[in-house]
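First up is the structure itself, then whatever we jot down about it.
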There are 2 protein chains.
Amino acid sequence: MPAPSKREQIVDHALRLFYSNGFHATGVDRIIAEAGVSKKTLYSHFRTKDELILATLRKRDELFRNRMMRETEMHAASPRERLLAVFDFLGNWFHDKDFSGCMFINASAEFAEESCPSHMVSAEHKRLVVEYLESLATVAGAREPAELANELNMLMEGAIVYAYVMGDKQAAGRAREMARVFVDRQLD
Amino acid sequence: MPAPSKREQIVDHALRLFYSNGFHATGVDRIIAEAGVSKKTLYSHFRTKDELILATLRKRDELFRNRMMRETEMHAASPRERLLAVFDFLGNWFHDKDFSGCMFINASAEFAEESCPSHMVSAEHKRLVVEYLESLATVAGAREPAELANELNMLMEGAIVYAYVMGDKQAAGRAREMARVFVDRQLD
DNA sequence: TCGAAAGTAAACAGATCGGTGTACTTAGGA
DNA sequence: TCCTAAGTACACCGATCTGTTTACTTTCGA
């Protein structure tokens, strides 16, 4: 295994700090201190802090969706069960020691402007999640895969807010029960 | 109508700025400039910026829930229709010119620590919304009012994320359709 | 009418912000 | 072996941050 590049070190530590402390509240001095690199090195890899933020969001999108797909498909036998297993992944995620909500909802909160790159990357992440759900729905034989995907995602987003804002991690299970209704409707 | 007190001026302008630009990104200098008061005055009414933030969140909770209750009850004839009219209010809100998502989700994003006062006020706001939904569900004769209230709120939170992060303001209507399923189940 | 309370403008404090510049060191391939 | 690229440490820049202080003015009720 090759040693992580300086760039990777920076992105990894920035990702952790941005996720747990917020974007504006995390200064570049803190990032370079924890990543163990000089400020010169950071600014040779990223033109501005905003570009670093974008890089962390892109990495988060990759890591998050990979985990979601892996955990969803690991313990679900049938295509239909897979649609519900997404909520089991959600419950696992909520119980992570470092769970701090959805990084993309958080980014949108700090970067309100819809045309802002960080907000756009966040919207794109959500779109890709729905796309994955739609592929699951299609395989499962849903009558309206796109509709079902958005119904399931609506419940996922709701559960995330419950888990993060209200600290209610049982929300994943309740969302699963609600989801079953919509899965049943579309698959008989 | 009495002239607004200095304190009210400060809270009103701070509320608007925090909501549309974020908490960390909004400096007190900007607030006093737009409110037209001196820094001395601000700090005579609020010990710190954090206390001002708390005051804006409390005012937002009051304004938001008052509007929600008013708009929900205005155009809904029966108790059962009222449960769905909440989603009509949601759609109206999404189309506000200055819509910037849920201020309490945004606050939680910037103040991650669950024990942080701003996060706690946000959680309390959500609890009060669910409480209102439960009262509607009780009046409508739901079999499990608390359960129905949380189902409806789960859909509301999901719709808010769709509207804000993805810019999909039609989500309110889709959430309404989903909500109908759960209302039907509980009221026959 | 006078005195306290509440307001103003503006300088100031000390820290931190994102970002740059300088001078030196290290590592690796031609 | 030597050159280049990439790294380090650290001082520095101007701007901005939250919060305080000073000195003056306005308002208004006893």
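Below, chains carry the letters A, B, ... as their sequence lines are ordered, and counting in each starts from 1.
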**OP:** Would you check if there is a donor-acceptor pair between the side chains of A:T41 and A:S38 at a distance under 3.5 Å?
**Re:** yes
Original post:
Are A:D50 and A:S118 close enough that some pair of their side-chain heavy atoms sits under 4.5 Å apart?
Top reply: no
**OP:** Search all heavy atoms of A:L187 against all heavy atoms of A:R143 and return the closest pair with its distance.
**Re:** N-NH2, 4.4 Å
Subject >> Interface limits on DNA chain D, where chain A has a heavy atom under 4.0 Å of a nucleotide atom >> reply: D:dG7 to D:dA9
Subject >> Interatomic distance, A:I53 CD1 vs C:dC17 P [rounded to whole Å] >> reply: 13 Å
**OP:** Starting from P on C:dT16, measure out to CD1 on A:I32 and report it in whole angstrom.
**Re:** 14 Å
**OP:** Classify the side-chain pair A:H24/A:E110 by whether it contains a donor and acceptor separated by less than 3.5 Å.
**Re:** yes
**OP:** Determine, using ring centers only, whether B:H119 and A:Y164 are less than 6.0 Å apart.
**Re:** yes
Original post:
With under 30° as parallel and over 60° as perpendicular, where do the rings of A:F99 and A:F94 fit, or are they tilted in between?
Top reply: tilted
Close N or O pairs between protein and nucleotides 18-21 of chain C (under 3.5 Å):
| from | atom 1 | to | atom 2 | distance (Å) |
| --- | --- | --- | --- | --- |
| C:dG18 | OP1 | A:K49 | NZ | 2.5 |
| C:dG18 | OP2 | A:V28 | N | 2.9 |
| C:dG19 | OP2 | A:Y43 | OH | 2.9 |
| C:dG19 | OP2 | A:K49 | N | 2.7 |
| C:dG19 | N7 | A:K39 | NZ | 2.9 |
| C:dG19 | O6 | A:K39 | NZ | 2.6 |

Original post:
Which value, rounded to the nearest 0.5 Å, describes the distance between A:L148 atom CG and A:N153 atom CG?
Top reply: 11.0 Å
**OP:** Output yes when a side-chain donor or acceptor of A:T72 lies under 3.5 Å from a complementary backbone atom of A:M69, and no otherwise.
**Re:** no
